[in-house]
Enquirer: 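Please read through the structure below; I'll follow up with questions.
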Amino acid sequence: MTMIISIVTILILSFPSSIAITKTNPHPFKKIYAFGDSFTDTGNTKSVSGPSGFNHGSDPPYGMTFFHHPTNRYSDGRLVIDFVAESLSLPYLPPYKYVKGNSPNGVNFAVAGSTAIDHEFFVKNNLTLDITLQSIQTQLQWFDKYLEENVGCKVQDVNCKVGDFHDALFWVGEIGANDYAYTIGSTVSGDTIRKLAMNSYTQFLTSLLKKGAKYVVVQGFPMTGCLPLAMTLAAEDDRDNIGCVKSVNNQSYTHNLAILNLVKSLRRQFPKAIITYADYWTSYLTVMQSPTKFGIKETFKACCGMGGEPYNIDVFSFCGAPSTKACLNPSQYVNWDGVHLTEAMYKVVSNMFLKGSLMNPPFSFLLDRKLHRG
């Protein structure tokens, strides 16, 4: 099987296809708890310790499209998690580091640069240059602290009965891509990273489900080999049949298969929970194959940067630096700054997740089950 084949077939096999989907009230959840990396972070990075290389999201032209000023999001506007909140008629999620007291509509624990593997691993392997200190386990610790201080749920509680998790959607954004990126050029193999990352990820998801999470969305990796940064750093002969970096896309595809296997295993362990997989890979592939269908003209070139043709990226001067500038029409670009996506691309992806067929089981099924089960 070539790595560019859609994984929709795998998804269909992983969950019964005969489930009836009914029209439902689209707003059954009262809160969202979000986790992940810069693709989901709405501002935690600004206030946590870490490398200065991740502070550029606080500078113009970030946020130019929707908010019209930087919001510490790594895009020109809204992210997938913002469109999820909008679809549920909820306010945008506040980043955990800015929350004071109880946040009735949820909290975002995602951090830009965050890894699946604990930071200590990178320290032991001398891979700490410009790496965020936080991991998915850090985010779990923050979540535990938030529950204890604001909800009354002790960390040692196996099942947080006072957490009102029956009204909460747990959205686990992309996490783990940074682990691979941080080890480029080292002696640490991709197989090692995948194994360690999945071990940590398994512990994280298992912990959420044991606490009582009933509705969980797990995002896979996008086609990371199509990001301008990857295209710039890779050899020109390392390309797949859509022009992206073959080795990197293969790596992400293989990681997604591991996530799928984990999701299927967790479904068996926690049959009362609805665990749905958001197929970021296929959504990205769909746009790359037919960009004009979505109003996209630039599939590889970053909107904001200074590198010129063909990718407009300089690894020493990212978007937000004084020497960089943004394009006038980010809605026609897939990529915003060489690593992160434009609001337009995030909106397309969100629509495929929330209204289309690239979540398994579909988002409509999750909403329907929430309405009928409470």
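These values consider heavy atoms only, across backbone and side chains, with no hydrogens, waters or symmetry-generated copies.
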Enquirer: Mind telling me whether Tyr182 and Phe122 have parallel, tilted or perpendicular rings, with 30° and 60° as the class edges?
Expert: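 Phe122 and Tyr182: perpendicular rings.
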
Enquirer: Per the side-chain contact (heavy atoms from CB on, under 4.5 Å) rule, which among Ile275, Leu366, Ile274 passes with Pro361?
Expert: Ile274

Enquirer: Look at Lys246 together with Asp240 and state whether they make a salt bridge at an N to O cut-off of under 4.0 Å.
Expert: no

Enquirer: With side-chain contact (heavy atoms from CB on, under 4.5 Å) as the test, pick out the partner of Asp179 among Ile193, Ile136, Val188.
Expert: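 Single pass found, and it is Ile193.
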
Enquirer: Take atom NZ in Lys301; do more than 12 heavy atoms of anything else shown fall under 6.0 Å from it?
Expert: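 More than 12 heavy atoms, drawn from other residues, nucleotides or ligands, come within 6.0 Å of this atom.
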
Enquirer: Disulfide (SG to SG under 2.5 Å) between Cys327 and Cys304: does it pass, once the steps are laid out?
Expert: CA-CA 6 Å; Cys327 64; Cys304 182; over 6 Å; no

Enquirer: Taking the side chain as every heavy atom from C-beta outward, state whether Phe109 and Val107 have any atom pair closer than 4.5 Å.
Expert: yes

Enquirer: If Ile, Leu, Val, Met, Phe, Trp and Tyr residues are connected whenever their side-chain heavy atoms lie under 4.5 Å apart, and connections chain through other members, are Trp142 and Tyr201 in the same group?
Expert: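 Linked within one cluster.
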
Enquirer: Give the ring-plane orientation class for Phe353 versus Trp171, where under 30° counts as parallel, over 60° as perpendicular and anything between as tilted.
Expert: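 It falls in the tilted class, 30° to 60°.
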
Enquirer: Check Met64 against Ala326 and note the closest heavy-atom contact, atom names and distance.
Expert: SD-CB, 3.8 Å

Enquirer: Give a yes-or-no answer on whether the side chains of Asn329 and Gln332 include a donor-acceptor pair shorter than 3.5 Å.
Expert: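 Indeed, the side chains of Asn329 and Gln332 share at least one donor-acceptor pair under 3.5 Å.
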
Enquirer: For this output row, return yes or no: ring centroids of Tyr280 and Phe221 closer than 6.0 angstrom.
Expert: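 No, ring centres 6.0 Å or more apart.
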
Enquirer: Please answer: with hydrophobic residues joined when any side-chain heavy atoms are less than 4.5 Å apart, are Tyr333 and Met352 in the same cluster?
Expert: no

Enquirer: Measuring from Asn108:CG to Ile81:CD1, what's the distance to the nearest 0.5 Å?
Expert: 6.0 Å

Enquirer: Decide if the gap between the ring center of Phe204 and the ring center of Phe35 is smaller than 6.0 angstrom.
Expert: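 Yes - the distance between ring centres of Phe204 and Phe35 falls below the 6.0 Å cut-off.
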
Enquirer: Over all heavy atoms of both residues, which pair between Gln137 and Ser200 is shortest? Give the atoms and the distance, please.
Expert: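 The answer is NE2-O, 2.9 Å.
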
Enquirer: Enumerate, atom names and distances included, each donor-acceptor pair closer than 3.5 Å involving a side-chain atom of residues 224-236, sequence neighbours excluded.
Expert:
| residue | atom | partner | partner atom | Å |
| --- | --- | --- | --- | --- |
| Thr224 | OG1 | Ser252 | OG | 2.4 |
| Thr232 | OG1 | Pro228 | O | 2.8 |

Enquirer: List the atom of Val80, the atom of Ser350, and the distance in Å for their closest heavy-atom pair.
Expert: CA-OG, 3.4 Å

Enquirer: Strictly distance-based, threshold 3.5 Å: is any side-chain N or O of Asp337 a donor or acceptor partner for the main-chain N or O of Val339?
Expert: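 Yes.
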
Enquirer: Enumerate, atom names and distances included, each donor-acceptor pair closer than 3.5 Å involving a side-chain atom of residues 314-322, sequence neighbours excluded.
Expert:
| residue | atom | partner | partner atom | Å |
| --- | --- | --- | --- | --- |
| Asp314 | OD1 | Phe316 | N | 2.9 |
| Ser317 | OG | Ser323 | OG | 2.8 |

Enquirer: Please check if any side-chain donor atom of Asp37 sits under 3.5 Å from a side-chain acceptor atom of Ser114, or the reverse.
Expert: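 Absent: no donor and acceptor within the cut-off.
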
Enquirer: Show your working on side chain to side chain donor-acceptor pair (under 3.5 Å) between Ser58 and Asn72 and close with a plain yes or no.
Expert: CA-CA 5 Å; Ser58 302; Asn72 302 314; 2.5 Å; yes

Enquirer: Look at the aromatic rings of Phe165 and Tyr33 and report parallel, tilted or perpendicular, splitting at 30° and 60°.
Expert: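 If you compare the ring of Phe165 with that of Tyr33, the planes turn out perpendicular.
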
Enquirer: Does Thr342 reach the side chain of Val334, with side-chain heavy atoms less than 4.5 Å apart?
Expert: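 They are not in side-chain contact.
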
Enquirer: Compute the centroid of each ring, for Tyr346 and then for Phe83, and state whether the two points are separated by less than 6.0 Å.
Expert: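 No.
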
Enquirer: Between Tyr180 and His255, does the ring centroid distance fall short of 6.0 Å?
Expert: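 Yes; His255 has its ring centre under 6.0 Å from that of Tyr180.
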
Enquirer: Please answer: with hydrophobic residues joined when any side-chain heavy atoms are less than 4.5 Å apart, are Leu262 and Ile175 in the same cluster?
Expert: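 Yes, Leu262 and Ile175 fall within the same hydrophobic cluster.
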
Enquirer: Going hydrophobic residue to hydrophobic residue with side-chain gaps under 4.5 angstrom, can you get from Phe67 over to Val84?
Expert: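 Shared cluster, no.
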
